[in-house]
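A note on names: the letters A, B, ... follow the listed sequences, proteins ahead of strands, and every chain is numbered from 1.
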Amino acid sequence: MKSNQPPNSSLSWFDQVFEVARQIPVGKVTTYGAIARYLGTAQSSRMVGWAMNQAHQQAKYVPAHRVVNRAGLLTGKHHFPTLVMMQELLENEGLTIENDQILCFSQHFWDPSENLKF
DNA sequence: TGATTGACCAACT
DNA sequence: CAGTTGGCCAATC
């Protein structure tokens, strides 16, 4: 263990993913690539998904259900306690999901680079 | 200790 | 037009 964990300065790239994910407003969704791109590493979108895997491990609540792939598909639903939990959560926030795909995805898409831009 | 995987995206062939 | 590979950071085997 004891990987290369930074002492206590700025958050790691990994922790920044959780920070951005927590900033997603209710009823909005974003993509792995959008978060990765916001952090400056669009090609690291795979790690965003891996970060979500560790999301439940974080002390802070991370709305991983609001993070989907570029096609608006609930690719990460399989990692939730129940397969329908992710869809239920999104539908509970006013979204419409059909066949594991978010309808009107572009309308509910929330880009951190457009809302969290400095 | 090194190699592999992981909820993706984009470019190249 | 469709299939394959590269890439990034961190964790697991």
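Nucleotide C/dT12 holds its C1' atom 15 Å from the CE atom of A/M47, rounded to whole Å. Whole-Å rounding puts the A/Q57 CD to C/dT12 P distance at 7 Å. The nearest whole Å value for the distance from the CE atom in A/M52 to the P atom in C/dA10 is 14 Å. The nearest whole Å value for the distance from the CH2 atom in A/W13 to the P atom in C/dA10 is 8 Å. Between the CE atom of A/M85 and the P atom of B/dA7 there is a distance of 18 Å, rounded to whole Å. Between the CG atom of A/D100 and the P atom of B/dA7 there is a distance of 15 Å, rounded to whole Å. As rounded to whole Å, 13 Å separates atom P of C/dA11 from atom NE2 of A/H56.
Nucleotides B/dT4 and C/dG6 are separated by 16 Å at their C1' atoms, to the nearest Å. Atom name C1', nucleotides C/dG3 and B/dA7: the rounded distance is 22 Å, in whole Å.
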Subject >> Contact pattern, 5' to 3', of nucleotides 8-13 of chain B - B, S or - by protein heavy atom under 4.0 Å >> reply: BSS---
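The two residues A/F80 and A/M86 come nearest to each other via the heavy atoms CE1-SD, 3.6 Å. Closest heavy-atom contact between A/V20 and A/W110: O-CZ3, 4.2 Å. The two atoms that bring A/A36 and A/S44 nearest to each other are CB-C, 4.1 Å, heavy atoms only.
Looking only at side-chain heavy atoms (C-beta outward), A/Y38 and A/Q16 stay at 4.5 Å or farther from each other. By the 4.5 Å heavy-atom criterion applied to side chains, A/V17 and A/W50 are not counted as neighbours. With a 4.5 Å cut-off on side-chain heavy atoms, A/T75 and A/D100 do not count as touching. Here the side chains of A/R22 and A/K60 are in contact, with some heavy-atom distance below 4.5 Å.
With no hydrogens or angles considered, no side-chain donor-acceptor pair links A/H108 and A/E93 at under 3.5 Å.
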Look for any protein N or O under 3.5 Å of an N or O in nucleotides 2-5 of chain C and output each such pair with its distance, or none.
none

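A/Y61 and A/H65 have tilted rings, their planes meeting at an angle from 30° to 60° on a 0 to 90° scale.
Applying the 4.0 Å criterion to OP1 and OP2 of B/dA7, one finds that A/H78 has every side-chain N and O outside that range.
Comparing C/dA11, C/dA10, B/dA7 by their nearest atom to the side chain of A/N53 picks out B/dA7.
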